[in-house]
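The block underneath contains the structure these notes are about, expressed in structure tokens.
Ligands are counted one by one from 1 in listed order, and the atoms in each one are counted from 1 as well. Note that the numbering runs from 1 along the sequence shown for the chain.
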Amino acid sequence: MIDLNHGSGCIYGTGAPRPPIAEAVSAAIDTALTARNRAERPRTYVSSSGLGRDCLRQIQYDFLAVPKDDGQGLAPKTLRIFEAGHRAEDIVAGWFRIAGFDLRTERPDGRQFGFEALSGRFKGYIDGCFVSGPVAMDYPALWENKALEASSWKDVVKCGVSIARPVYAAQIALYQAYLDLPNPALFTALNRDTMELHSELALFDARLAQEMSDRAVMVVQASEAGEWLPRAATGPTAVLCRGGMAAGKWHAPCAWASRCWGERP
Ligand code: SF4
């Protein structure tokens with residue numbers, strides 16, 4: 001009820017000043033997304049999606065769910081991008097299906113296909129598997145899809161996934177090995193800005209798969225023994241730690257840099 005008593009400060013016909021609608025809506029959504037993210041249980045296994053990162057110590061921090069440095073948690077904007085990328089998979093899968101591909105993306109119970117090793121401490125979930133289709137290629141074939149911003153997408157188109165995004169190539173090799181899908185995988189990259197779709201075949205790289213699998217074993221065994229794996233940098237000013245371009249490759253700032261270099265050795 002509006003308080004019109006003398007001294008209330010209320011001026012008839014005016015309400016409390018409101019923040020601009022764009023800011024108010026974004027703030028409400030960001031608050032909800034952050035709360036939802038905080039409520040999710042931390043991962044308790046080594047994920048195939050990050051094993052190709054340069055630094056074993058960083059992979060170990062992630063596996064052990066070591067709290068990230070202040071301000072390094074996922075920003076609401078990043079949470080939105082992740083969710084959009086996840087949903088982009090459904091869009092691209094739909095395109096394949098109307099084009100006549102038999103693409104399997106989930107089990108009858110709705111769960112994703114994937115693998116578990118090391119008593120559940122190493123896991124990976126695939127985007128899908130092509131069983132047949134109108135395009136001449138070897139079936140069955142693993143499907144891996146990424147939604148990328150325009151500049152990353154152009155890098156992948158220009159250089160191929162194994163050069164432009166080795167972390168994705170490592171993930172693909174692991175899936176091919178653990179799901180016994182040695183035919184060339186079909187990798188697709190969706191340009192988030194233009195919705196252009198890039199497709200390429202990724203040959204099975206058994207050496208890479210073995211190397212990544214060995215890394216997972218190292219991370220789990222060292223963590224169980226209470227040992228830290230080596231850092232991939234010699235000081236906190238390394239591009240790998242503080243972020244930036246090095247040798248034509250972009251590195252995001254490490255989310256554990258303060259912890260890592262504040263707790264030497
Ligand atoms: S700060 Fe650098 S050395 Fe330490 S975990 Fe991160 S990337 Fe590795």
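The closest side-chain heavy-atom distance from F187 to R165 is not below 4.5 Å. Between R53 and D62 the shortest side-chain heavy-atom distance falls below 4.5 Å.
A 6.0 Å sphere centred on NZ of K154 holds no more than 12 heavy atoms belonging to other residues, nucleotides or ligands. The neighbour count for R107 CZ, taken as heavy atoms of other residues, nucleotides or ligands under 6.0 Å away, is above 12.
Annotation for ligand 1: atoms under 4.0 Å from non-hydrogen atoms of Q58 are 5 (S). Those atoms of ligand 1 with a heavy atom of R57 less than 4.0 angstrom away are 5 (S). Close contacts between ligand 1 and R231 involve ligand atoms 3 (S) [criterion: under 4.0 Å to a heavy atom].
At the shortest separation from atom 8 (Fe) of ligand 1 among protein heavy atoms lies C55 SG, 2.3 Å. Looking only at protein heavy atoms, the nearest one to atom 1 (S) of ligand 1 is W261 NE1, 3.4 Å. At the top of the distance list for atom 2 (Fe) of ligand 1, counting protein heavy atoms only, stands C241 SG, 2.3 Å.
Contact detail for Y168 and V161: the closest heavy-atom pair is CB-CG2, 3.8 Å.
Atom 4 (Fe) of ligand 1 has an N, O or S atom of C260 inside 2.8 Å of it. At a cut-off of 2.8 Å, C254 coordinates atom 6 (Fe) of ligand 1 through an N, O or S atom.
Y178 and F115 have parallel rings, their planes meeting at less than 30° on a 0 to 90° scale where 60° marks the start of perpendicular.
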